[in-house]
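Only one structure is covered here, and it is reproduced in the block below.
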Amino acid sequence: MLKFTFLGASGSLQELCSGNTSLLIRGERGCAAVDLSVNLPILTAAGIDTVILTHEHIDHIYALPSLLHQLWIGGRKEELTIHLPPGMEELTEGLIDLFGIRRKKGIFDIRLSGEPVFQAGTLRFTLFPTDHTGNSVGVVAEEGGDRLVYTSDTRPIKEIPAVMKGADILIHEASGVSTDEENLVKKGHSSGADAGAFAAGLGVRELYLCHLPAGEEARRAVLREAGKYFSASRIPEILKEYHVPTGL
């Protein structure tokens, strides 16, 4: 059964209730960290098999050196592959080198990969291009008949990529409401309406909103707007383990 946990769901501005958007995705065998910000002990305890970075913005990558350092302190020996979009290699290596991670005594092997399709245990991952930065990607995770789509940050997606079809769960950014659509699109983001409309078009079972604006009222406004287009819209509970629903 494919399971997922939100380590954070906020946009660039963190709040006490939620850090920046990041995920843990688990399968029957294998688990992956997707974007890195807060609640790293959850990842170290999970014994992650791989890391996926969706783009180069600070709120999605700043915890990478700390995670590697904590895994080393914890005695990890297995190689760790970091999957990322083309063009992110120099930045990622720079973060690793800044703190001398590769020079730690007995450090495990750290490999960077630009492969768009790969396995982690029983999980299959596919990276697809998004419209946020020049090389940003989203993630499709599959196990058995379960399929989850995480858009990460993106402008509204106009057409449904083939790799998304048949998805059960959509995790879509919603950085504001449609009255601020022009500003959101200018900055490479989507509204609650965009997320809800895309979920309805994709035909998923549930929509989880992420990269949320600061403030309880702002989050409620985003949820209300998404719900007008797709009734099964959710604001995720941080650190709760979710799974693909069955019997619907």
Side-chain angles (χ1 to χ4, degrees), residues 3-26 31-48 50-71 73-74 80 82-84 88 91-92 95-96 98-99 101 130 132-133 136-139 141 148-154 169-177 184 187-192 195 206-223 226 233-243:
K3 303 177 182 179
F4 55 103
T5 302
F6 288 84
L7 307 181
S10 292
S12 300
L13 185 62
Q14 294 193 37
E15 296 187 279
L16 290 175
C17 64
S18 173
N20 303 122
T21 297
S22 54
L23 300 166
L24 170 64
I25 298 177
R26 299 175 185 257
C31 60
V34 185
D35 291 331
L36 296 172
S37 58
V38 293
N39 290 312
L40 296 183
I42 302 296
L43 302 179
T44 56
I48 56 172
T50 193
V51 169
I52 303 170
L53 301 177
T54 62
H55 63 286
E56 66 273 23
H57 287 164
I58 188 170
D59 53 319
H60 293 257
I61 65 170
Y62 67 83
L64 174 62
S66 184
L67 174 64
L68 297 175
H69 188 247
Q70 290 193 48
L71 291 173
I73 291 174
L80 182 68
I82 303 170
H83 294 272
L84 34 79
M88 269 192 69
L91 173 61
T92 305
L95 275 175
I96 296 170
L98 179 63
F99 295 94
I101 300 296
T130 60
H132 183 59
T133 69
S136 57
V137 297
V139 181
L148 175 153
V149 173
Y150 167 54
T151 64
S152 188
D153 299 7
T154 186
I169 299 293
L170 174 63
I171 301 173
H172 197 294
E173 79 128 297
S175 297
V177 292
L184 289 172
K187 294 181 178 180
H189 294 291
S190 297
S191 67
E206 294 179 336
L207 164 65
Y208 291 86
L209 303 171
C210 65
H211 205 271
L212 297 164
E216 186 62 30
E217 180 51 42
R219 290 175 181 234
R220 284 198 296 264
V222 164
L223 179 60
S233 298
R234 314 274 189 260
I235 297 290
E237 182 179 332
I238 305 306
L239 300 186
K240 177 180 177 178
E241 185 172 72
Y242 294 94
H243 59 82

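Numbering starts at 1 and runs along the sequence shown. The figures that follow rest on heavy atoms only: side chains count, while hydrogens, waters and symmetry mates do not.
R220 and E217 are joined by a salt bridge, as a carboxylate oxygen and a charged side-chain nitrogen come within less than 4.0 angstrom of each other.
In terms of modelled atom types and a separation under 3.5 Å, the side chain of Q70 and the main chain of P41 share no donor-acceptor contact. Using a distance-only test at 3.5 Å, with no hydrogens or angles considered, no donor-acceptor pair links the side chain of D153 to the main chain of H132. A side-chain donor-acceptor contact under 3.5 Å links S18 to the backbone of S10. At distances below 3.5 Å, not a single donor-acceptor pair connects side-chain atoms of N20 with backbone N or O atoms of A9. The closest donor-acceptor contact from the side chain of R219 to the backbone of P213 lies under 3.5 Å. At least one donor-acceptor pair under 3.5 Å links the side chain of E173 to the backbone N or O of T154. For the pair Y208 (side chain) and Y150 (backbone), a donor-acceptor distance under 3.5 Å is absent. Looking at S136, its side chain does come within 3.5 Å of a backbone N or O of T133 through a donor-acceptor pair.
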For a side chain to side chain contact (heavy atoms under 4.5 Å, CB included) check, start with the C-alpha distance between S152 and D35, then their side-chain angles and the critical distance, and finish with the verdict. CA-CA 9 Å; S152 188; D35 291 331; 3.7 Å; yes
Is there a side chain to side chain contact (heavy atoms under 4.5 Å, CB included) between T44 and L67? Walk through the geometry before answering. CA-CA 8 Å; T44 56; L67 174 64; 4.0 Å; yes
Show your working on side chain to side chain contact (heavy atoms under 4.5 Å, CB included) between I82 and L64 and close with a plain yes or no. CA-CA 10 Å; I82 303 170; L64 174 62; 3.8 Å; yes
Checking L43 against L36 for the side chain to side chain contact (heavy atoms under 4.5 Å, CB included) test, could you report, in this order, the C-alpha distance in whole Å, the side-chain angles of both residues, the deciding distance, and whether it holds? CA-CA 10 Å; L43 302 179; L36 296 172; 3.7 Å; yes
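Rounding to the nearest 0.5 Å places OG of S175 at 12.0 Å from CG of L13. Note that CG of L80 and CG of L71 are 6.5 Å apart. Values are rounded to the nearest 0.5 Å. To the nearest 0.5 Å, the span separating CZ on R26 from CD1 on I48 amounts to 11.0 Å. Note that CG of L40 is 12.5 Å distant from NE2 of H69, once rounded to the nearest 0.5 Å. Between the CZ atom of F4 and the CD1 atom of I169 there is a distance of 4.5 Å, given to the nearest 0.5 Å. Rounding to the nearest 0.5 Å gives a distance of 8.5 Å between OG of S66 and CD1 of I73.
In this structure, T151 and T54 have side chains that are not in contact, with every pair of non-hydrogen atoms separated by 4.5 Å or more. For the pair I171/T21, no side-chain contact is recorded, criterion being any heavy-atom separation below 4.5 Å from C-beta on. Side-chain contact between P65 and L98: absent, with no pair of heavy atoms (C-beta onward) separated by less than 4.5 Å.
Across L209 and P236, no two heavy atoms sit closer than the pair O-CD, 3.0 Å. Taking each heavy atom of S37 and D59 in turn, the nearest pair found is CB-O, 3.9 Å. Taking each heavy atom of A46 and C31 in turn, the nearest pair found is O-SG, 3.6 Å. Of all heavy-atom pairs between L7 and I238, the closest is O-CG2, 3.5 Å. Across every non-hydrogen atom of T130 and G138, the tightest pair is CG2-N, 3.4 Å. What you find for Y62 and Q14 is that their closest heavy atoms are OH-NE2, 2.8 Å.
Under the side-chain contact (heavy atoms from CB on, under 4.5 Å) test applied with L91, the options I61, L53, I96, L84 reduce to a single match, I61.
Between H211 and H60, the ring-plane angle classifies as parallel under the 30° and 60° cut-offs.
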